[in-house]
Amino acid sequence: MHGRGWAVVVAGLLCRAAIGAAPAPAEPVTVIRAGTLIDGVSGSPKSNQVIVIRGNRIESVGAGAAPAGARVIDLSSVTVLPGMIDGHTHVFLQGEDPAEGGYDVQLLKYPLASRAARATVAARRALEQGFTTIRDVETEGAGYGDVGIKRAIDEGHIPGPRMFVSTRAISTTGGYNLEGYAPEVAVPKGAQLVDGPVEARKATREQLEHGADWIKVYMTHRSWVDAAGNLQSQPTLTVEELKAIVDEAHGWGKKVACHAYGNPGLKRALDGGCDSIEHGLELDDAAVAQMVKQGTWLCPTMAAYYGYWEPEGTPVGKRDRKRAEVHGPSFRRAVKAGVKIAFGSDVGGFSWKDPIAKEFPYMIQYGMTPMQAIQSATSRAAEMLGMKGQLGVVAAGAYADVVAVSGDPLKDVKALERVVFVMKDGKVFRDAMTAR
Ligand SMILES: [Zn+2]
């Protein structure tokens, strides 16, 4: 009885203490003065805008005065944009030089910690270049390493973009590297290999359980130029296998990204209900029509196919040139037909030392306006990620992911390589303007 009474007194004291406590300090307010604002959604830029940021969100955007007492960041001489989104990256790849052993060496000779250390650098590189969000489409033999990198970023241990991760990826027996070793030697594979709808569903469940935000599948693998001079691609998963994956992923509220070059793997990807086609080197009229009808995204990754070609005249050299030759017209067909397109660079496939923004000129060369290309890397990519209005836009209510470039990217798209300011989640990561 006594004890209980004492407890009531203590509870009363605690209660009074809570009421008497000072209110939590208001979240800090920051104001960005944008000389030119490309907001990610509007068809044309706006001049002299004031972006009010409270905590990690944008509170308002307009021509009004800055609220009293706010910290002011002056970006009146540069072009301000939403933090950009790269829809196709590999932080666990380093653009391996074939002369140094290429892809295989990554999997065979580097301890996972070494690969994670380099992935940490890659994540930082994305953020430095104004890419405040990435969809990282598989770790290439590094298991669930992307989940760990994402967590380290989210917990503030290392700098990096918001990450949507897809963990191990899925292909079939005979459908992914490493290959070409003696059959008696067990070598690691760059993806989780499955055969049959049961294994496909199980792999999907495993990957989702361990933190996949997206499921990545390979619908084509080897490619070559046939006797008639056409690009051919080996299909991997069957429609039934892909349907099991898509059904499982959709049940978890997640989406499926399908690497696919051309038919028949491309057709299987679309018939199986995939959410995004990666690369899409040979989208014919039927594929484009099906993508429009089904609302399938295209993540084109053009630059990667123009960067490095094996010597002319060799079978692989012929293939490399053919891939680049068909990709541009395929992309143009998709743009014309109104396929939903999200920017993707495939960085990691090429070196993280190269600018991610080198993808933009190809998109413009093959039919997009500069504004369309910018929107593909902002509001459109956000829509693909299910983050419409939250990311890829400078507007009230969105996360405060804001970048600035020197020059006018609508006149010279190379300006997107000249990032002078990066804010992610309301925190300034890079500011070359004030430093000057
Ligand atoms: Zn890729």
Side-chain angles (χ1 to χ4, degrees), residues 85-96 98 102-104 106-107 115 118-119 122-123 125-126 131 133-143 145-146 149 161 163-171 175-179 189-192 207 212-223 233-234 236-237 255-262 265-266 269 274-283 297-308 319-320 323-324 327 330-331 341-352 354-356 358-359 362-363 376-377 381 384-385:
I85 300 169
D86 189 339
H88 190 123
T89 65
H90 300 279
V91 295
F92 278 91
L93 282 184
Q94 307 299 333
E96 285 69 25
Y103 179 90
D104 291 24
Q106 275 294 320
L107 276 70
R115 296 191 68 188
R118 296 192 74 184
R125 282 287 297 144
F131 286 84
T133 300
I134 60 175
R135 184 182 58 156
D136 202 71
V137 280
E138 88 126 317
T139 61
E140 310 284 357
D146 52 357
I149 298 290
M163 286 181 75
F164 290 78
V165 299
S166 54
T167 75
R168 300 178 63 192
I170 298 170
S171 190
Y176 210 71
N177 302 319
L178 302 181
E179 296 175 317
K189 298 289 182 182
Q192 188 169 4
Q207 295 184 7
D213 301 306
W214 276 70
I215 296 296
K216 164 82 179 288
V217 304
Y218 288 89
M219 295 304 294
T220 61
H221 180 41
R222 293 179 184 81
S223 60
S233 297
Q234 167 211 348
T236 54
L237 294 157
K255 293 180 187 166
V256 180
C258 289
H259 166 115
Y261 282 2
L266 171 67
C274 80
D275 298 291
S276 73
I277 294 288
E278 308 302 304
H279 318 299
L281 298 194
E282 282 198 297
L283 304 174
W297 288 89
L298 171 64
C299 196
T301 74
M302 313 268 282
Y305 293 90
Y306 293 85
Y308 174 82
R319 178 205 69 180
D320 290 348
R323 293 200 302 203
H327 203 173
S330 170
F331 178 75
I341 296 172
F343 177 98
S345 71
D346 215 352
V347 60
F350 60 85
S351 173
W352 281 92
D354 289 4
I356 293 172
K358 76 177 187 180
E359 176 73 9
Y362 291 102
M363 302 177 93
S376 80
M384 179 178 78
L385 296 173

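Ligands are counted one by one from 1 in listed order, and the atoms in each one are counted from 1 as well. The figures here come from the full heavy-atom set of this structure, side chains too, leaving out hydrogens, waters and symmetry mates.
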Requested in this report: Please confirm whether Lys255 makes a cation-pi placement over Phe164, using NZ or CZ under 6.0 Å from the six-membered ring centre and within 45° of the ring normal.
Outcome: no
Query raised in the report: Does the side chain of Asp86 come under 3.5 Å of the side chain of Ser345 through a donor N or O and an acceptor N or O?
Result: yes
**Report entry** Phe131: partners by ring pair (Phe, Tyr, Trp, His ring centres under 6.0 Å), with sequence neighbours left out
**Finding:** Phe343
**Report entry** Closer than 2.8 Å to the Zn ion (ligand 1) - protein N, O or S atoms, ordered by chain and residue number
**Finding:** His88 NE2, His90 NE2, Asp346 OD1
Report task. State whether a side-chain donor-acceptor pair under 3.5 Å links Gln106 with Glu140. Result -> no
**Report entry** Partners meeting ring pair (Phe, Tyr, Trp, His ring centres under 6.0 Å) with Tyr306 (sequence neighbours left out)
**Finding:** Tyr362
Query - Non-neighbouring partners of His259 that pass ring pair (Phe, Tyr, Trp, His ring centres under 6.0 Å), sequence neighbours left out - result: Tyr218, Tyr261, His279
